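Lettering of chains follows the sequences in order, A, B, ..., and the numbering in each one begins at 1. In this text the structure is predicted, and so the values were computed from the model without any measurement. The analysis underlying the following values was restricted to heavy atoms, covering all of them including side chains, and did not include hydrogens, waters or symmetry mates.
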2 protein chains.
Amino acid sequence: MVEHLSEEELTDLFKCVSDETRRSLLVKLCQEGPCRVTELASHYDMSLNAISKHLKVLEKCSLISRSTEGRTHWLKANLSEIHKIEAWLDGLRSIWEIRLDRLAKLIETEERDD
Amino acid sequence: MVEHLSEEELTDLFKCVSDETRRSLLVKLCQEGPCRVTELASHYDMSLNAISKHLKVLEKCSLISRSTEGRTHWLKANLSEIHKIEAWLDGLRSIWEIRLDRLAKLIETEERDD
DNA sequence: TATATATTCAACTATATGGTTGAACATTTA
DNA sequence: TAAATGTTCAACCATATAGTTGAATATATA
């Protein structure tokens, strides 16, 4: 089943992972499992607030999820949205191959007609 | 062979495809094969200059290439760089799975020790 | 209750980005 | 050679983004 890929969602996803810090945060959460905001921030030469903002961007496009436990927030990676990026890339490749196929058939026909 | 993925290259690639117009241009070039700048621009409700700038961004990260023939420039898609994005996504997934594996083994050990 | 800890909110700054317009450049054609 | 065509360059504008700092909010602990 080919699902409909909203351009807006794709734009948000690509923009989200186009930032090195956010990619790094996502990797860290995949490696370490659920982490708190302060713990994540401790690895970066950047204010806690900056990290908090990055996490919100990741959360907004569902690349991470959050569960609040008292005053601490637990963040965890959620890779399920990644398939939307993969689907777009696969689509692109198949569009490319379809044209090459058409081209190959055209050349074949030309040769037959010579 | 796992090649080294430069963060800067990744950032540029993701930023490049995070724009809807640029994604659309890339798709069009995959579908139609080599096109001129004006021809591409004719499909968009946007100035020729804007499209020209988008093409330069695509060109800078090698998602398209250009060959000049007199006054006309022929653009064509080049999907070879796409694998860098795919490699990063694959890496992320494998990092995720490695942790889940470790976790599963841990639980197994815990159960054995009960 | 007072204080410390975990996090976000708000306001601000600097820079990057996507778009515009008008001029310039290069090449083709009349 | 003059005019038309294809493209880029340069300057500008509005908005978005990544970072900062300081205050606010919520919860835990002494």
> In whole Å, I'd like the distance from the OH atom of B:Y44 to the C1' atom of C:dG18.
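From B:Y44 OH to C:dG18 C1': 15 Å.
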> Please state how far atom CG in B:L40 lies from atom P in D:dG6, giving the value in whole angstrom units.
13 Å
> Is it the case that B:S80 and B:N78 place a side-chain donor and acceptor less than 3.5 Å from each other?
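B:N78 and B:S80 do have a side-chain donor-acceptor pair below 3.5 Å.
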> If I take atom CH2 in residue B:W74 and atom C1' in nucleotide D:dT7, what distance separates them, rounded to the nearest angstrom?
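After rounding, the gap between these two atoms is 14 Å.
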> Does a side-chain N or O of A:R36 approach OP1 or OP2 of C:dA6 to a distance below 4.0 Å, or not?
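Yes, such a contact exists.
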> D:dC9 C1' sits how many Å from B:H73 NE2, rounded?
12 Å
> Run the numbers on B:V17 and B:R22 for side-chain contact (heavy atoms from CB on, under 4.5 Å), then give the verdict.
CA-CA 6 Å; B:V17 296; B:R22 284 194 290 266; over 6 Å; no
> Check whether any side-chain N or O of A:T11 sits under 3.5 Å from a backbone N or O of A:E7 as a donor-acceptor pair, and report yes or no.
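Yes; at least one donor-acceptor contact below 3.5 Å.
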> Check whether the side chains of A:S18 and A:R23 place a donor and an acceptor atom closer than 3.5 Å, and report yes or no.
no
> More than 12 heavy atoms of other residues, nucleotides or ligands under 6.0 Å from CG of B:D45: yes or no?
no
> Ignoring hydrogens and angles, does a donor from either the side chain of A:R71 or the base of C:dT5 sit under 3.5 Å from an acceptor on the other?
yes
> Side chain of A:H73, backbone of A:E69: donor and acceptor closer than 3.5 Å?
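Judged by distance alone, no pair lies under 3.5 Å.
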> Return the value, rounded to whole Å, for the distance between atom CD of A:E59 and atom P of C:dC9.
10 Å
> Could you see if A:I82 belongs to whatever hydrophobic cluster contains A:W88? Use Ile, Leu, Val, Met, Phe, Trp, Tyr and a side-chain cutoff under 4.5 Å.
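Yes; tracing contacts between hydrophobic side chains, which count when under 4.5 Å, links both residues.
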> Reading nucleotides 14-24 of chain D from the 5' end, what letters show protein touch, with B for base, S for backbone sugar-phosphate only, - for no heavy atom under 4.0 Å?
---SSBBBB--
> Please tell me if A:K56 has a side-chain N or O lying less than 4.0 Å from either OP1 or OP2 of C:dT7.
no
> Given atom CG of B:L58 and atom P of C:dG18, what is their separation to the nearest angstrom?
11 Å
> Could you work out which one of D:dT7, C:dA6, D:dT5 sits closest to the side chain of B:T72?
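The answer is D:dT7, which lies nearest to the side chain.
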> Just the rounded figure in Å: distance from C1' of D:dG6 to CD1 of B:I51.
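In whole Å, D:dG6 C1' and B:I51 CD1 are 15 Å from each other.
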